[in-house]
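As structure tokens, the structure follows; a few thoughts come after it.
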Amino acid sequence: MEQILFKHTRHGRCLPFDEYRSTGGFEALAKALSEMAPADVQQQVIDSGLRGRGGAGFPTGRKWSFVPRNLAGPRYLICNSDEMEPGTYKDRMLLERNPHLLIEGMALACYALGVQHAFIFVRHGYEQAAENLRHAIAAAHRSGFLGSNILGSTFSLELDVHQSAGRYICGEETALINALEGIRANPRAKPPFPAIKGLWGQPTVVNNVETLANIPAIITNGPLWWKNTAAIPEAAGTKLFCISGHVVNTDCFELPLGMTLGEIIDGPCGGMRPGSRFKACIPGGASTPFFTNAHRDVPMDFDPVAKAGSRLGTGGIIVFDQTTCMVAVTLNLIRFFARESCGWCTPCREGLPFVRHTLERIESGRGEAQDIDILREHVQMLNYAFCALAPGAMGPVEGLLNHFEDELLEHIAERRCPLTGDRAVADRTG
Amino acid sequence: MIPAHLKTDLEQRVAAAVTNREAAVDVMKALQRHYGWLTDEALDEASQLLKMSPLQVEELATFYEMIYRRPVGRHVVHVCDSISCWASGGETLLESLANLLNIECGSTTPDGAVTLLPCSCLGNCGEAPCMMVGEKQYGRVTLEMGAEIVAALRNNSLGISATS
Ligand SMILES: Cc1cc2nc3c(=O)[nH]c(=O)nc-3n(C[C@H](O)[C@H](O)[C@H](O)COP(=O)(O)O)c2cc1C
Ligand code: SF4
Ligand code: FES
């Protein structure tokens, strides 16, 4: 299997700058600066079919094309390394193993976009990643891949690392822009989209770490080669899948997009743990509706996963075995989202704690039949929230209603959790 | 009061920022590292350094999970309570640490050594269950390991050096 992002990976070490150089590192940048116009770089990214790896899967080249070309004043690129979606740790792996790839990818993106000052927004707790990035930026500067007149061209670029202090909403791109500006990180109204009016009111592109780290390979090997590393013709490229839960190998794997869920679980994941049987999984990070045994043949790519009723999201697959109560899983997820709600709009600020409360009642055996209708209603209602956090939060609730209604009914009828029994459910407001 | 060298460092950080506010999180984190938590004094110092009103700094400080606006112990132990850790025994780990420390989750030991807090996903889900002490992360934490880490932190407070 083609390893583009993890090509240099040896567990437990960060790739030295010199080794990155001697194995072809920064050659894509050199090639672009000497042979390609910025518009050519953007065109190759469009041709590759690269879709954003941050969760929404928006086509990257198209996003870049929204930035107005001939405006005076600065424009910005922000690399989103907030990565706080539970079950997701791929950006961390990438940055701990090879920060140079991101820097080269960002330099290429900045060249295409006409950006001279870019930021990397790193979440709290990723101290190693931030340190690797600072070292890598310094090394790139020393070798003339960052700074003024890069490799003798007219292109200049400075990269800054911003370290956050922990809050999931900072990953939402407009909230992230506020966070970077030092404003309370509530999302901004869209439109105007960041590509028109973003950081300090200037045109801004926000891209995920993994998205940007793919750019060098697209430029070096060509968009077609890159696209064809996927497992199915409709998909493009590889994807970092980060696995957690009840399988044998809980690790981060670079796999061709379009492998089926079953192939991933039985292959790289090494199957279920001894004594465990597959019950359900979260296919793409905490905000995506559950998949069950019925979904094992779904190709793990953006459109097929969406067609099957969920989202590829971040590629964070969390696997649950037969001992897991899906009401309890959903409750855990809703507790997270209710706690991380930024509080800006009423449906989310008031609605998520109410949903949490309803699930707590059901899980502890105090649920009523009408609670199921209440949950259903909230799945609809929270679509009217100000940003995508609230509908995302309701993704698992929707999955619970669609695939595990019988489990909900059992809780209500038996007045207890059939799996964890009468264990009290603490009302933790967090 | 913060030492002169820290003040100079932070003044330089603010001077290098695109706008003063951009440096706000860095300044709050540095002051918290110095005081242990973001004290009222630290809040005033931050507001002077950043040329923001204390209320504007407060508005930011109370937003972030890892900025403490209340006193914490010399060590803050965060145990991840998000889904992957939950599925791998994170709840039991948190309970066992609370029992060992003989405190409720969310409070500090009477000797001021350890504050125990739950936290959101640490981005280390493949190594669940996870915890973080200060800025150091631990993965695949068994109950025994958790007990050892906490014991080391307590010993440190009695003057014996910690292992971590
Ligand atoms: C609540 C919320 C949290 C998000 N967190 C992240 C994140 O941590 N990292 C990320 O890359 N994108 C995150 N996103 C998606 C971003 O808003 C944005 O779509 C993405 O960074 C764009 O990058 P891409 O086009 O390369 O995927 C989040 C979105 C929402 C609504
Ligand atoms: S949906 Fe939630 S996170 Fe988004 S703006 Fe409203 S309160 Fe904030
Ligand atoms: S869920 Fe605990 S580290 Fe991600």
Side-chain angles (χ1 to χ4, degrees), chain A residues 83-93 117 119 123-129 160 162-170 179-186 199-200 242-246 249-252 282 286 316 318-321 324 328-329 332-333 335-336 339-340 342-343 396 428 430, chain B residues 14 16-30 32 38 50 52 56-68 78 80-88 90-91 94-95 105-106 117-130 132 134-137 139-140:
Chain A
E83 194 160 74
M84 281 198 59
E85 175 107 348
T88 311
Y89 55 98
K90 67 194 177 65
D91 298 340
R92 174 207 198 104
M93 289 296 153
H117 191 179
F119 296 85
R123 63 161 286 173
H124 184 88
Y126 282 14
E127 304 303 320
Q128 187 64 53
D160 279 328
H162 173 100
Q163 284 184 270
S164 186
R167 202 66 201 268
Y168 172 60
I169 192 62
C170 293
L180 199 54
E181 287 188 20
I183 300 171
R184 202 171 160 103
N186 302 116
L199 192 60
W200 295 299
C242 28
I243 318 292
S244 60
H246 303 147
N249 304 319
T250 51
D251 204 344
C252 181
I282 295 175
I318 312 158
V319 181
F320 306 107
D321 72 6
T324 318
V329 168
N332 175 282
L333 294 166
R335 277 178 171 157
F336 167 83
R339 183 164 75 195
E340 293 294 343
C342 82
R428 271 193 282 119
Chain B
V14 176
V18 179
T19 64
N20 289 348
R21 269 177 168 278
E22 187 223 317
V25 173
D26 281 350
V27 168
M28 289 192 300
K29 283 174 112 173
Q32 174 162 293
L38 202 73
L50 294 160
M52 292 163 66
Q56 286 172 324
V57 179
E58 183 83 285
E59 202 179 46
L60 284 176
T62 52
F63 193 77
Y64 288 106
E65 183 178 20
M66 297 296 167
I67 301 291
Y68 314 125
H78 285 280
C80 172
D81 67 359
S82 295
I83 190 65
S84 309
C85 290
W86 176 87
S88 298
E91 229 170 24
L94 186 57
E95 272 166 30
C105 182
L117 293 169
C119 70
S120 291
C121 176
L122 291 167
N124 196 22
C125 327
E127 302 200 2
C130 302
M132 182 170 75
E135 286 176 354
K136 189 170 162 56
Q137 292 215 17
R140 300 187 201 282

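By convention in this document, chain letters (A, B, ...) are assigned in the order of the sequence lines, proteins followed by strands, and residues within each chain are numbered from 1. The shown structure was predicted, so the numbers you read here are calculated from the model rather than taken from an experiment.
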Could you tell me which portion of [X] (side chain, backbone, both or neither) has an atom closer than 4.5 angstrom to a non-hydrogen atom of chain A?
X	answer
B:C105	neither
B:E59	both
B:D26	side chain

Residues which pass ring pair (Phe, Tyr, Trp, His ring centres under 6.0 Å) with A:Y168, listed by chain and number, not counting sequence neighbours
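A:Y168 satisfies ring pair (Phe, Tyr, Trp, His ring centres under 6.0 Å) with A:F336, A:F337 only.
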key: Stacked cation flag A:R92 on A:Y89, 6.0 angstrom / 45 deg   =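 No, cation not above the ring by the 6.0 Å, 45° rule.
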Among the options [options], pick out the one with the most heavy-atom pairs lying under 4.5 Å from chain B.
options	answer
A:C342, A:A185, A:A286	A:A185
A:V329, A:I282, A:D91, A:N332	A:N332
A:G245, A:C252, A:S164, A:C242	A:S164
A:T250, A:D321, A:I318, A:L180	A:T250
A:M84, A:H124, A:M93	A:H124
A:A165, A:G166, A:S244	A:A165

Query - Qualifying residues under side chain to side chain donor-acceptor pair (under 3.5 Å), relative to B:E127, sequence neighbours excluded - result: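 None.
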### Task
Against chain A, work out which of B:S84, B:A128, B:A24, B:A17 has the most heavy-atom pairs shorter than 4.5 Å and name it.
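Going by pairs under 4.5 Å, I would pick B:S84.
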| field | Top contributor to chain A interface from B:S82, B:C119, B:C80, B:A23 [non-hydrogen pairs under 4.5 Å] | value |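 The answer is B:S82.
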Measure distances from [X] to the heavy atoms of chain B and classify the residue's part below 4.5 Å as side chain, backbone, both or neither.
X	answer
A:I243	backbone
A:T88	backbone
A:Q163	both
A:I169	side chain
A:Q128	neither

Exercise. Determine yes or no for a side-chain-to-main-chain donor-acceptor pair under 3.5 angstrom, with A:E127 supplying the side chain and B:K136 the backbone.
Key: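 Not confirmed, A:E127 side chain does not pair with B:K136 backbone.
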With no hydrogens and no angle check, is any side-chain donor or acceptor of A:E181 less than 3.5 Å from a backbone partner on B:R21?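 Side chain of A:E181 to backbone of B:R21, a donor-acceptor pair under 3.5 Å: no, none is there.
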Q: Step by step, work out the side chain to side chain contact (heavy atoms under 4.5 Å, CB included) result for B:I67 and B:K29.
A: CA-CA 7 Å; B:I67 301 291; B:K29 283 174 112 173; 4.1 Å; yes
Would you call the rings of A:H246 and A:F320 parallel, tilted or perpendicular if under 30° counts as parallel and over 60° as perpendicular?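 Plane angle over 60°, so perpendicular.
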Quick one: does A:D160's side chain get under 4.5 Å of B:V18's, heavy atoms only?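 No, their side chains stay 4.5 Å or more apart.
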Can B:M132 and B:M66 be said to form a side chain to side chain contact (heavy atoms under 4.5 Å, CB included), step by step? CA-CA 11 Å; B:M132 182 170 75; B:M66 297 296 167; 3.7 Å; yes
Working for side chain to side chain contact (heavy atoms under 4.5 Å, CB included), residues B:L60 and B:V25: CA-CA 8 Å; B:L60 284 176; B:V25 173; 5.6 Å; no
